[in-house]
Structures are given as structure tokens and as C-alpha cells.
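Single-structure report; data block below.
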Amino acid sequence: MKLIQLTDIHLTTPGETIAGRDPNANFEKALQDVMNFHSDAEAMIITGDLSDWGDEDDYRRLKTRIEALPFPVHLCIGNHDSRDHFLSVFPDRANDDGFVQSVFPLGGHIGLCLDTKVPDTHAGELCDARLAWLSAQLELADRPVFLFMHHNPVATGQAPIDSIMLRNPDLFGKMVGRYREKIRHIFFGHCHLPLSGSLEGVPFSAPRGTNHAGAFNFAEPDLLSGSDLPAAYAVVFVRPESVMVDMIEYGYDGPLHIENSPEYSAWDRKTMIR
Ligand SMILES: [Fe+2]
Ligand SMILES: [Fe+2]
């Protein structure tokens, strides 16, 4: 099974740019890349910051666009999103508590989208109601679970980013630990950085994002750092015994060097391109 994770698409009023890049065009370019190479995906999940300013029009355009795709698209909201505006366009994406949390079949697995949005802060949180919903879903789960969320539940080691991470990581971590046998992987975004690791023994990953890129800048104590690194999304190959997450830097438009054979016998000092 193949899954596609897009994150931090930051759709905005057509013509507006972020960090000199056009988020709408970069989203479209990502979808074209997915359709060229991965149209056989089981599903796409977009892990939040769907709209840059939470405008209803952005969600309307998103809805039109994802309805044209040949696979289901599941959505998380992030700190840039407006839950009210999102739900006015996607009313069926709310759970009984009114949060954008959903459960869906995912090719022999169960997918869970979590809502970590908190008003008036860029940090995230899973309140008691959202954690209770998660706990109930995990308790019920009779197949392996993939979790999708916006905020990073683990610190990156960079103070400005970590000041706006999930602000109750201990409670979430405890729940992940309790259900670690059921959770196969956690996917998130928010940092605009390629990240991977594990939480309570459960692997996680995040791709860079489809528009503006972050930077690993351990010298800056206060402000968030950006870069001109390429836009990216993730393709996830799920096999019975393994999960491989490829970060596709589709925003890279430099040359590719298709030159050397992987054949052992073809590698020698005379013929190998160096
Ligand atoms: Fe973002
Ligand atoms: Fe974010």
C-alpha cells in the first residue's frame, strides 16, 4: 500500500506569496507530481496548515481540488487554520465533540486524524476531550493504526520551533506508550523540516512541506528560520513487515545525474563517472 502525506500547504488568496513562493501553485505542482508517479496511492493525508490565514475561500478551493483526485483525501487542521471556517466547508469532518478528528479505513490499517489546534497561539494541544476520543479509538482498533497530526509531539532541539510544539507532549506520549502495540507510525508537519525519530517506541516522521521551507538553525534563539530548500511531500510505502517514508523534493528544479549503473561489475576507475 502507498500513502501520500502533504503538509503545510498554506493555501492563500490567489496571487499572494509566502517567502517569495506561491502556495497555490506549489500545491498544484505537488498534486501533479503525485498524479504522475503515485496515482495508485490508497489515500492522501494533508497534515494541517491547509490555509495560511484560515480564509473560507481557501477551504472551498481545496475542496474542489481534492474532490477531483482519484483517492480519498483526509485532512488535519493546524495553527494557521480556522476550525469554524474549515467546518463550514467540510462539516462532515468533525467528530461528535466538534473537533476535526476523523477515523477512516486505510488499506488494512486504521487512519486517525487528530486536531491539535488551539485558538490564539501557534502551539498545539490535545485537550481532555480530544485525548479521550483518541483513547477510545485506540481501544477499539482491531488493526494497526496510523496517526496523523499537525504539531510535533517531540522537541526538535531548536528553541523557537519547540516553543510552538504540542504543549502537552507528556500526556500524548503516555497514550502512545500505552497503545504502542497498536500504533504503527505517527505522521506530523508544522516544523517545515524533514524530521524522523520515535516516541515511546513508535516511529514518527515529517516532510518539509509544499511551500516555504524551514531551516536547521541552532544559532537563533528567538525567531523562526526559513530557507530556500525545495518544497517536499512524503510517499509512504507500507508493507507487512516495514514502512518506508520517502521525502520527495519535487520543488527541486536543478539537474538530475542519471549516469552510473548499480551493477557491481560496471564500477571501475576507468568507466565510472566521477
Ligand atoms: Fe506551517
Ligand atoms: Fe503549523
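Any value given below was found using the heavy atoms of this structure, including those in side chains, with hydrogens, waters and symmetry copies removed. Just follow the structure's listing: the first ligand is 1, and inside any ligand the first atom is 1.
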Member of Asp49, Val100, Leu87, Thr47 meeting the side chain to side chain contact (heavy atoms under 4.5 Å, CB included) criterion with Ile77: Val100
Plane angle bin for His212 and His10 - parallel if under 30°, tilted between 30 and 60°, otherwise perpendicular: perpendicular
Pair His122 + His190: ring centers closer than 6.0 Å: no
cation_pi(Arg130, Phe99) dist<6.0 Å, angle<=45: yes
Tally of protein N, O or S atoms, where distance to the Fe ion (ligand 2) is under 2.8 Å: 4
N, O or S of His10 under 2.8 Å from the Fe ion (ligand 1): yes
Show which side-chain atoms of residues 29-37 pair as donor or acceptor with protein atoms under 3.5 Å away, not counting sequence neighbours.
{"from": "Gln32", "atom 1": "NE2", "to": "Glu28", "atom 2": "OE2", "distance (Å)": "3.1"}
{"from": "Asp33", "atom 1": "OD2", "to": "Tyr233", "atom 2": "OH", "distance (Å)": "2.6"}
{"from": "Asn36", "atom 1": "ND2", "to": "Gln32", "atom 2": "O", "distance (Å)": "3.4"}

Aromatic ring proximity, centroids under 6.0 angstrom, His185 and His109: no
